[in-house]
Trainee: 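Can you read through this structure? Questions will come right after.
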Amino acid sequence: MKQILLLATILSLSLSCASSQTNDGTSEEPGIMDKIIEKANSEEGQKAIQMGKEKLQDPATQEKLKGLLSKEKKKKEIPGVPAQ
């Protein structure tokens, strides 16, 4: 579970950082997105993706995620203002 969360966090941070960077087109180095795609397409990446998919199918994991999401929604609600 911790590995999946760590992988998801790293991927989301990488994507957000990659989208905020400007690309002037003069660099010959592969971009961060290319590196992520390459890693995801590797045997190790495919194993991690498959493990994550299997873990997300687990009812206990789904309940934990629902609990986390409901906590986040409660934090975002402003007292005295009805939710839409």
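The structure displayed is predicted, hence computed values, not measured ones.
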Trainee: Do the side chains of Ile4 and Leu56 get nearer than 4.5 Å, heavy atoms only?
Mentor: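 Answer no - side chains too far apart.
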Trainee: Would you call Gln57 and Glu54 a side-chain contact if the rule is heavy atoms closer than 4.5 Å?
Mentor: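 No, too far: nothing below the 4.5 Å cut-off.
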Trainee: With the side chain counted from C-beta on, respond yes when Thr61 and Lys64 share a heavy-atom pair under 4.5 Å apart, and no when they do not.
Mentor: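 With C-beta onward as the side chain, the pair stays apart.
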Trainee: Just distance, no hydrogens or angles: give the donor-acceptor pairs under 3.5 Å from side chains in residues 38-47, sequence neighbours left out.
Mentor:
{"residue": "Lys39", "atom": "NZ", "partner": "Glu44", "partner atom": "OE1", "Å": "3.2"}
{"residue": "Asn41", "atom": "ND2", "partner": "Ile37", "partner atom": "O", "Å": "3.2"}
{"residue": "Ser42", "atom": "OG", "partner": "Lys39", "partner atom": "O", "Å": "2.6"}
{"residue": "Ser42", "atom": "OG", "partner": "Gly45", "partner atom": "N", "Å": "3.1"}
{"residue": "Gln46", "atom": "NE2", "partner": "Ala40", "partner atom": "O", "Å": "2.8"}

